[in-house]
Amino acid sequence: MSDPITPLLTPSPISPGPQSLIPDMASWREQWIRALKDPSGFWLEQTQSLLEWSAPPQLGGEGDFWSVVEEPIRWFADGELNVSVNCVDRHLMTRGDQAAIIWEADEPGEGFTWTYRQLHEEVCRAANVLSDLGVSAGDRVIIYMGMVPQAAVAMLACARIGAAHSVVFGGFSAEALRDRVIDCGARVVITQDEGRRGGRPVALKTVVDEALAPAEVEVDKVLVFKRAKAETPWIEGRDVDWATACSAVSAEHTPQSFGAEHPLFILYTSGSTGRPKGLMHTSGGYLTYTTYTHRAVFDLREGDVYGCVADVGWITGHSYIVYGPLSNGTTTVMFESTPLYPDASRYWSLVERHKVNIFYTAPTAIRALAALGDEWVNNHDLSSLRVLGTVGEPINPEAWEWYYHVVGRGKCALVDTWWQTETGGISLSPLAGVTPTQPGAATLPLPGIQPILVNPEGHEIHGAGEGRLCLNMPWPGQARTVWGDHERFVKTYFNDFPGRYFTGDGCRRDVEGHHWITGRVDDVLNVAGHRMGTAEFEAALITDDVVAEAAVVGFPHPVKGQGVCAYLVLAQNESSHGALEESLLKRLQSVVRTRIGVHAKLDRVISIPGLPKTRSGKVMRRILRKVAEGETQALGDVSTLADSAVVEAIIKAATEG
Ligand code: WTA
């Protein structure tokens with residue numbers, strides 16, 4: 001990694017476009033200071049110029065990171081708008097015939113394009129169908145779909161009628177889906193017969209059926225989009241065919257406006273403890289923030305084709321495939337496949353065919369593709385590309401260099417965007433065309449974001465240094481609460497460092513004031529850009545009778561960023577420890593897949609005689625983490641362990657396993 005004390009800054013290879021919100025570093029500085037001194041004034045101005053309000057707000061931000069303990073932060077609380085009108089209807093006059101969504105289906109060439117006019121019709125029909133199914137403002141709807149444009153339609157249709165959607169990534173298991181359906185109290189689920197990925201079917205409807213089978217799950221209707229024309233069991237009276245229902249209703253829908261703080265969606269995400277929590281985002285502030293950041297960070301220009309290859313099941317898909325791009329009237333790509341199907345040139349063939357100008361992906365995909373060689377990239381005409389983005393995990397300098405030089409030919413701005421499900425939108429990032437960059441640095445905060453570093457005692461670190469990353473003032477895009485549990489929201493984010501929002505990430509700041517994210521400092525894993533809690537793995541593993549105790553940690557993985565390492569104390573705790581036998585390993589892989597989802601995999605499983613616990617019974621994960629990293633010497637202070645001999649045995653088991 002570059003020396004953070006003497007950074008080598010690369011100026012942006014492109015100049016900002018005519019619609020740039022922040023055209024140079026002096027403007028960034030000026031706007032950042034303005035937003036710091038007068039956040040309400042700054043954001044009121046942005047929202048009035050970026051969004052269409054039926055009742056424009058007079059109020060800016062209300063509440064701070066002290067008062068959040070009592071009640072959620074609010075933004076633009078007296079304003080009213082309709083989010084789907086902002087993403088669709090308001091573009092009809094000026095760009096009705098412009099492509100809104102380019103669908104790149106799993107099989108190359110099988111996708112299609114919808115104009116804003118077509119998207120409008122689809123959204124209106126779906127909104128009418130949902131209303132006919134009894135969904136009304138304030139209700140919750142679960143969306144369990146793959147990457148088809150109908151998923152975006154489902155989200156926008158919910159927004160249009162004021163129902164909060166909760167999109168569940170299509171890889172989650174029936175159990176994980178059921179937990180979410182119950183937690184948010186959804187009465188309607190929208191799904192597909194099957195998804196398609198890498199030439200293979202992805203079960204969706206059958207997973208929904210299994211999730212909803214127990215009597216305590218009170219779902220009235222399941223709306224099924226038949227993407228694959230697959231044979232699926234059908235429950236008469238509950239299941240409704242999307243196409244039939246949509247063709248039976250009007251293509252017109254008169255939208256109602258909702259208050260700025262009306263819930264827009266709930267998105268479940270993993271934390272260091274307990275079950276995933278449903279972070280609740282609201283309408284006006286979220287849309288302002290995603291619209292603003294999408295435009296400012298990527299230096300969006302009129303006519304741009306923008307391709308983010310994330311999944312709508314995660315926050316990146318919400319903010320930067322659907323809401324931000326459509327609100328800005330951009331042409332957004334929805335990608336159903338994988339970077340390796342039918343071969344490793346899929347992204348680049350997509351860029352070439354659709355003349356993509358802005359391409360946004362995750363470091364894990366970049367690393368996987370870089371390892372396969374440059375020919376896959378070089379065989380394609382990528383001259384349309386102007387901006388490259390990365391998100392989801394720290395990008396190592398080697399992957400950054402490859403993306404910049406091989407994909408971007410040294411001619412594209414590269415923005416390493418740091419943010420979280422909780423922040424709603426990009427919070428630290430270079431601005432394309434403006435900010436000088438360094439490989440691996442998320443660089444500088446967006447206006448309205450005040451990052452500070454603190455030491456474990458909560459003292460602020462000034463100047464260059466390393467610490468825990470906190471954000472010091474509210475911004476419009478932030479999650480307002482955990483659905484149904486504001487106390488958990490406060491406890492998770494505002495307890496460790498009172499008066500500040502604690503991100504859970506570690507961060508280094510160099511002498512230029514640039515930020516380098518070092519990764520999570522809590523028990524959240526980031527595997528291939530997927531966020532998972534060690535606690536979720538542990539809870540899954542101990543459901544198997546053979547496991548007496550489990551402790552899961554992450555370790556560095558060359559492609560996935562982090563791998564998952566499980567230390568198990570088996571019920572039949574025999575004298576030999578180390579690797580598990582094949583059949584048991586398979587069984588435990590299947591346990592985590594069933595409890596969590598297809599994206600949850602154990603990379604290493606080590607049986608050990610006992611966990612390293614303190615006298616008060618707390619597991620010292622630090623030791624397990626170090627051993628998983630291959631460290632056997634510098635394990636730090638082990639004097640507080642109840643039984644320090646266990647460390648030797650763990651090292652032995654790990655090296656033999
Ligand atoms: C990590 C994804 C380094 C970080 C948008 C954060 C990053 C977590 C970056 C949030 C980045 C995201 N550099 N780390 N550019 N972007 N992260 O909620 O640890 O799925 O806390 O949101 O991903 O993951 P989430």
Side-chain angles (χ1 to χ4, degrees), residues 1 167-169 171-172 265-272 276-279 281 286 289-290 293-294 297-298 308-321 323-324 360-367 388-397 399-400 403 414-430 435 437-446 449 451 468-471 477-479 482 492-493 501-509 514-534 536 554 556 560-562 599:
M1 191 164 281
V167 184
V168 177
F169 171 61
F172 275 111
F265 66 86
I266 299 163
L267 186 59
Y268 286 84
T269 193
S270 299
S272 23
K277 44 192 177 296
L279 287 161
H281 283 276
Y286 172 81
Y289 196 68
T290 49
T293 50
H294 179 248
V297 170
F298 297 106
C308 168
V309 287
D311 192 286
V312 284
W314 311 112
I315 191 70
T316 306
H318 285 61
S319 302
Y320 299 113
I321 293 178
Y323 289 112
Y360 196 24
T361 187
T364 195
I366 299 166
R367 285 190 293 264
L388 301 172
T390 152
V391 58
E393 21 161 358
I395 181 163
N396 49 311
W400 194 103
Y403 199 28
L414 201 172
V415 291
D416 174 6
T417 66
W418 175 88
W419 58 294
Q420 312 178 294
T421 304
E422 293 85 344
T423 69
I426 298 169
S427 309
L428 299 175
S429 174
T435 316
T437 51
Q438 295 140 292
T443 69
L444 296 165
L446 272 283
I449 299 292
R468 278 141 214 256
L469 177 64
C470 292
L471 305 181
Q478 73 182 109
V482 167
T492 310
Y493 304 108
Y501 163 75
F502 176 41
T503 63
D505 278 317
C507 180
R508 208 169 55 216
R509 190 168 45 213
H514 283 200
H515 296 79
W516 304 68
I517 304 293
T518 55
R520 302 288 304 198
V521 293
D522 55 9
D523 292 320
V524 170
L525 301 170
N526 194 330
V527 181
H530 294 157
R531 189 167 153 180
M532 290 179 280
T534 53
E536 289 166 69
K560 297 195 283 186
Q562 266 192 317
H599 54 300

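Just follow the structure's listing: the first ligand is 1, and inside any ligand the first atom is 1. One is the number of the first residue; the rest follow in order along the sequence. Only this structure's heavy atoms are used, side chains among them; waters, hydrogens and symmetry mates stay out.
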Whether the side chain of His318 engages the backbone of Val312 through a donor-acceptor N/O pair (distance < 3.5 Å, no angle test) should be reported.
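Confirmed, His318 side chain pairs with Val312 backbone.
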Looking at Glu536 and Pro276, would you say the former's side chain and the latter's main chain have a donor-acceptor pair under 3.5 Å?
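No, the answer is negative, given that no donor and acceptor are paired below the 3.5 Å cut-off.
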Between Trp516 and Gln438, is any pair of side-chain heavy atoms under 4.5 Å apart?
yes
Less than 4.5 Å apart, side chain to side chain, heavy atoms only: is that true for Met532 and His599?
yes
Just need the protein heavy atom nearest to [atom], so name the residue and atom and give the distance.
atom                    : answer
atom 24 (O) of ligand 1 : Arg531 CD, 3.6 Å
atom 10 (C) of ligand 1 : Trp419 O, 3.6 Å
atom 1 (C) of ligand 1  : Gly392 O, 3.3 Å
atom 13 (N) of ligand 1 : Glu393 O, 3.3 Å
atom 6 (C) of ligand 1  : Asp505 OD2, 3.1 Å
atom 25 (P) of ligand 1 : Thr421 OG1, 3.5 Å

Polar atom proximity, Thr269 to ligand 1 (N or O, under 3.5 Å):
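Looking only at distances, the answer is no, because the N/O contact criterion of under 3.5 Å is not met.
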Glu422 versus ligand 1: do any nitrogen or oxygen atoms come within less than 3.5 Å of each other?
no
Taking the six-membered ring for Trp, are Tyr286 and Phe265 ring centroids under 6.0 Å apart?
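Yes - the distance between ring centres of Tyr286 and Phe265 falls below the 6.0 Å cut-off.
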Taking 4.0 angstrom as the limit and counting only heavy atoms of [X], give me the atoms of ligand 1 inside it, by number and element.
X      : answer
Thr316 : 5 (C)
Val391 : 5 (C)
Asn526 : 1 (C), 23 (O)

Ligand 1 versus Ile395: contacting region, heavy-atom distance under 4.0 Å
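It is neither part, as no heavy atom is under 4.0 Å.
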Applying side-chain hydrogen bond (donor to acceptor under 3.5 Å, both in side chains), run through Asn526 and Arg520 and close with a yes or a no.
CA-CA 8 Å; Asn526 194 330; Arg520 302 288 304 198; over 6 Å; no
Just one of Leu469, Leu471, Thr503 clears the side-chain contact (heavy atoms from CB on, under 4.5 Å) bar with Leu428, so which one?
Leu469
Donor-acceptor pair between Tyr493 and Glu422 side chains, under 3.5 angstrom:
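Judged by distance alone, the side chains do pair up.
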Option among Thr290, Thr293, Thr417 that satisfies the side chain to side chain donor-acceptor pair (under 3.5 Å) test with Tyr320
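The side chain to side chain donor-acceptor pair (under 3.5 Å) with Tyr320 is passed solely by Thr293 among Thr290, Thr293, Thr417.
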Could a heavy atom of Trp314 be found less than 4.0 Å from some atom of ligand 1?
no
Using heavy-atom distances, let me know which of Val524, Leu279, Thr390, Asp416 sits nearest atom 15 (N) of ligand 1.
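Answer by nearest heavy atom: Asp416.
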